[in-house]
Q: 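Shown below is the structure under consideration.
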Amino acid sequence: MIIQRVVLNSRPGKNGVPVAENFRLEQSTIADTIQAGQVRVRTLYLSVDPYMRCRMNEDTGSDYLLPWQLSEVADGGGIGVVEESKHDNLAKGDFVTSFNWPWQTVAILDGSLLQKLVPQLVNGHLSYFLGAAGITGLTALLGIKEKGHVAVGANQTMVVSGAAGACGSLAGQMNQDSHIILCGQISQYNKDVPYPPPLPPDIEKIQKERNITRERFLVLNYMDKQEASILQLCQWIQEGKLKVRETVVEGLANIGAAFQSMMNGGNIGKQIVSVSK
């Protein structure tokens, strides 16, 4: 079967600015038949995210992220529909998602690595499972609950430095507090600096004098709370309590441009690429 896919064409360098030309659209093929336990899926939506900038380097600087390889298909959060299944728990027409979805129009995947989706939980907006009802929403919710030291009814103020982005646009709706929670910092991703970036001496002095906490937050450390948190996010979406913003680009061929735009702050809310209907 002939498909289209997007591969890493070149690396921008640790201190370089990524551009659309770092990616390349090409034609490829996949097997016409699937094996036991596999499913063939048609890609509906792909997510482009700041963390992917690290995967463009030969060394991601992280022990939980693998680098993309040159001329190999890129991957990330994705959603698709099952077109053929030889997996016991998945059937034709099911909607599924994965955090390692290949950037291609059609793919053959291991069914055991896919999560089945229930569109009704997000009022039919499947792409929300890549954002507000997915890892992005989890990051916002758990960052506030687990690291924000939020007290109900307290007179607290919360500042979100990237409140127009995918995570920040959700976190800013959830509660208030006063600690520094480090999560993301997209403005530093094109620089070869340690994470978290060191503070200037005068700022560090103020932090110590005022007993200000500055903690790193990684949502992957809280996945035991994933199921309950996703259901809570979906409930808020259904009730209209959580407002969801997305920036949607049409077509797999435009995913490189979507990534470049997202890294330059061109998105409001989650940056999504719609691959097929």
Side-chain angles (χ1 to χ4, degrees), residues 2-12 17-28 30 40-56 65 68-69 71-83 95-109 113-115 117 119 122 124-139 162 164-170 184 186 189 237 244-277:
I2 298 174
I3 65 163
Q4 288 187 315
R5 67 178 193 171
V6 171
V7 302
L8 184 65
N9 187 52
S10 59
R11 301 188 191 277
V17 177
V19 294
E21 291 73 22
N22 291 133
F23 301 97
R24 183 177 75 248
L25 179 71
E26 64 181 27
Q27 186 172 285
S28 186
I30 60 172
R40 188 179 77 245
V41 293
R42 174 167 51 86
T43 304
L44 299 176
Y45 299 103
L46 294 172
S47 172
V48 291
D49 302 282
Y51 81 88
M52 294 175 172
R53 174 62 184 85
C54 304
R55 301 192 68 188
M56 299 179 79
L65 286 178
W68 286 328
Q69 299 301 315
S71 295
E72 294 293 333
V73 66
D75 68 301
I79 290 172
V81 60
V82 175
E83 294 192 321
F95 296 106
V96 291
T97 186
S98 168
F99 195 61
N100 301 107
W101 196 284
W103 287 8
Q104 54 194 60
T105 50
V106 180
I108 295 175
L109 303 175
L113 301 179
L114 300 175
Q115 179 184 353
L117 299 175
V122 288
H125 297 285
L126 279 171
S127 59
Y128 287 5
F129 285 115
L130 294 177
I135 197 74
T136 307
L138 281 176
T139 302
C167 182
S169 64
L170 300 171
I186 186 174
Y189 283 2
I237 290 171
V244 182
R245 298 287 298 273
E246 292 181 322
T247 298
V248 181
V249 169
E250 300 287 339
L252 182 63
N254 296 313
I255 197 168
F259 182 82
Q260 180 180 352
S261 175
M262 178 272 302
M263 288 297 297
N264 290 330
N267 60 301
I268 300 295
K270 185 72 173 181
Q271 178 69 66
I272 296 289
V273 176
S274 176
V275 177
S276 68
K277 302 296 184 184

Q: Side chains of F95 and V81: does their closest heavy-atom pair fall under 4.5 Å?
A: yes

Q: Grab the two heavy atoms, one from I268 and one from T247, that are nearest each other, plus how far apart they are.
A: N-OG1, 2.9 Å

Q: Any chance you could measure L114, atom CG, to I79, atom CD1, to the nearest 0.5 Å?
A: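 Going from the CG atom of L114 to the CD1 atom of I79 covers 11.5 Å.
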
Q: Provide the closest heavy-atom pair for L46 versus G78 in the form atom of the first, atom of the second, distance.
A: CD2-CA, 4.0 Å

Q: Should V106 and T43 count as side-chain neighbours, where that means a heavy-atom distance under 4.5 Å?
A: no

Q: How long is the span from the CD atom in Q104 to the CG atom in L25, to the nearest 0.5 Å?
A: 11.5 Å

Q: Report the distance from atom CG of L65 to atom SG of C54, rounding to the nearest 0.5 Å.
A: 6.5 Å

Q: With rounding to the nearest 0.5 angstrom, report the CD1 to CE distance, I272 to M262.
A: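 I272 CD1 to M262 CE: 11.0 Å, rounded to 0.5 Å.
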
Q: Hey, does M56 have a side-chain heavy atom less than 4.5 Å from the side chain of P18?
A: yes

Q: So among I255, V7, V273, which one has a side-chain contact (heavy atoms from CB on, under 4.5 Å) with W103?
A: I255

Q: What distance separates S274 OG from N254 CG, expressed to the nearest 0.5 Å?
A: 11.0 Å

Q: How long is the span from the CG atom in D75 to the CG atom in L8, to the nearest 0.5 Å?
A: 11.0 Å

Q: Taking E83 for its side chain and R42 for its backbone only, find out whether a donor-acceptor pair lies under 3.5 Å.
A: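 Checked: no pair found.
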
Q: Is the backbone of A257 close enough, under 3.5 Å, to the side chain of S261 for a donor and an acceptor to pair up by distance?
A: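 Side chain of S261 to backbone of A257: no pair is present.
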
Q: Check step by step if side chain to side chain donor-acceptor pair (under 3.5 Å) holds for S47 and D49.
A: CA-CA 6 Å; S47 172; D49 302 282; 2.6 Å; yes

Q: Counting C-beta onward and ignoring hydrogens, is there a side-chain heavy-atom pair between Q27 and I2 closer than 4.5 Å?
A: yes

Q: Walk me through whether F129 and Q115 qualify under side chain to side chain contact (heavy atoms under 4.5 Å, CB included).
A: CA-CA 11 Å; F129 285 115; Q115 179 184 353; over 6 Å; no

Q: Does a side-chain heavy-atom distance below 4.5 Å link Q4 with E26?
A: no

Q: Within the distance-only criterion (no hydrogens, no angle test), does the side chain of N264 pair as donor or acceptor with the backbone N or O of G266 below 3.5 angstrom?
A: no

Q: Hey, are the side chains of T97 and L130 touching, using non-hydrogen atoms and a 4.5 Å cut-off?
A: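 A side-chain contact exists here, since the closest heavy-atom pair is under 4.5 Å.
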
Q: Of the non-hydrogen atoms in A132 and V244, which two are nearest, and what is the gap between them?
A: CB-CG2, 3.7 Å

Q: Looking at K270 and E246, does any basic side-chain N land under 4.0 Å from a carboxylate oxygen?
A: no

Q: In the structure I gave you, are the side-chain heavy atoms of R24 and S71 within less than 4.5 Å of one another anywhere?
A: yes

Q: Do F23 and W68 come close enough that some side-chain heavy atom pair is under 4.5 Å?
A: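 F23 vs W68: side chains touch.
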
